Novice: 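Have a look at this one.
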Amino acid sequence: MNKWPIGVFASVDAGLGVKLDVARELRVPTIQLHAPHGASRTPEKAQAFLAQLREYGITLTAVFGGFEGESYADIPTVSRTVGLVPPATRAARVKEMKEISDFAKLLGCPVIALHVGFVPHDKSDPLFNEVVAVTGDLCDHAKNNGQALHLETGQESADALLAFIGAVGRDNLFINFDPANMILYGTEEPIAALKKVGKFVRSIHCKDGTWAKHPGEEWGAEMPLGQGDVGMYNYLKTLKEIGYTGPLTIEREIPQEPQRQKAEIGHAVRLLTELREKLL
Ligand code: MG
């Protein structure tokens with residue numbers, strides 16, 4: 001694969017992201033896929049999906065897990081509902097994430113990814129060790145499938161991420177870096193964070209956003225690429241500096257406005273193509 005192939009976050013029948021047709025119309029060569037519903041994760045569906053990807057000339061670079069009951073309504077709701085942190089749903093979600101890993105294997109995909117949730121920053125919090133343990137278990141399952149597990153960034157600072165990855169202690173645990181999330185959650189300045197965690201970054205999102213008035217208490221605003229506070233030139237320049245060569249996967253979450261979503265992703269493709277030519 002060429003350096004920095006452009007990509008888009010896509011989905012079939014569950015979760016966020018654009019439909020495959022949109023990826024084809026925008027002529028992007030790669031996608032990350034939000035895992036389809038359980039009933040759709042069959043060998044037959046996997047074969048049909050692969051045939052469609054081949055026809056469209058699209059390479060699948062990661063399969064993202066997402067779960068029933070997750071809500072990104074506001075920051076406290078994320079903390080309560082997202083990922084492997086909430087105890088009540090944890091066992092079922094780890095089981096489902098392993099099924100998603102098995103489905104990704106059917107798709108020949110070497111990467112699974114997820115938002116693990118708000119990991120406590122205090123290592124003495126029992127919740128910290130519980131989440132470390134299940135993440136390690138998931139890494140081992142992925143490893144048996146020949147896969148790496150990528151953690152979506154956002155809620156954790158670079159230092160907290162490094163501490164968590166160190167505590168899990170697996171050689172197939174990496175980062176899917178999303179600079180906009182760090183701004184939306186009010187975590188920290190994303191470019192500085194990217195430099196710190198650089199060696200673990202194996203996939204990324206190209207998403208933009210603006211800081212909230214009270215960062216960390218309320219959401220920032222997601223913006224079309226290039227119109228937020230990330231600074232796309234600086235972001236790509238930093239990716240080059242850390243030696244990142246993987247896909248530039250555009251994420252734009254406005255499923256309620258599909259026409260606008262497609263237009264803005266089209267614009268993002270042009271912006272990234274321009275920057276890519278300047279920097280590579
Ligand atoms: Mg993201």
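This chain uses plain numbering: 1 for the first residue, then up along the sequence. Since we're looking at a predicted model, the values are computed, not measured. First listed ligand is number 1; within each ligand, the first listed atom is number 1.
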Novice: Indicate whether the side chain of N181 and that of Q155 have a donor and an acceptor atom separated by less than 3.5 Å.
Specialist: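 Result is no, nothing qualifies.
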Novice: In H205, which N, O or S atom comes closest to the Mg ion (ligand 1)?
Specialist: ND1
Novice: Looking at T77, is its backbone amide N or carbonyl O close enough to the side chain of D74 to form a donor-acceptor pair, meaning the two atoms are under 3.5 Å apart?
Specialist: yes
Novice: Checking side-chain polar atoms at under 3.5 Å, does H141 have a donor or acceptor matched by the opposite partner on Q147?
Specialist: no
Novice: Name of the D178 N, O or S atom nearest the Mg ion (ligand 1)?
Specialist: OD2
Novice: How open is the angle at the Mg ion (ligand 1) from atom OE1 of E251 over to atom OE2 of E152, rounded to 10 degrees?
Specialist: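 With the Mg ion (ligand 1) as the vertex, OE1 (E251) and OE2 (E152) sit 160° apart.
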Novice: Verify whether one side chain among N145 and S101 offers a donor that lies under 3.5 Å from an acceptor in the other.
Specialist: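 Yes.
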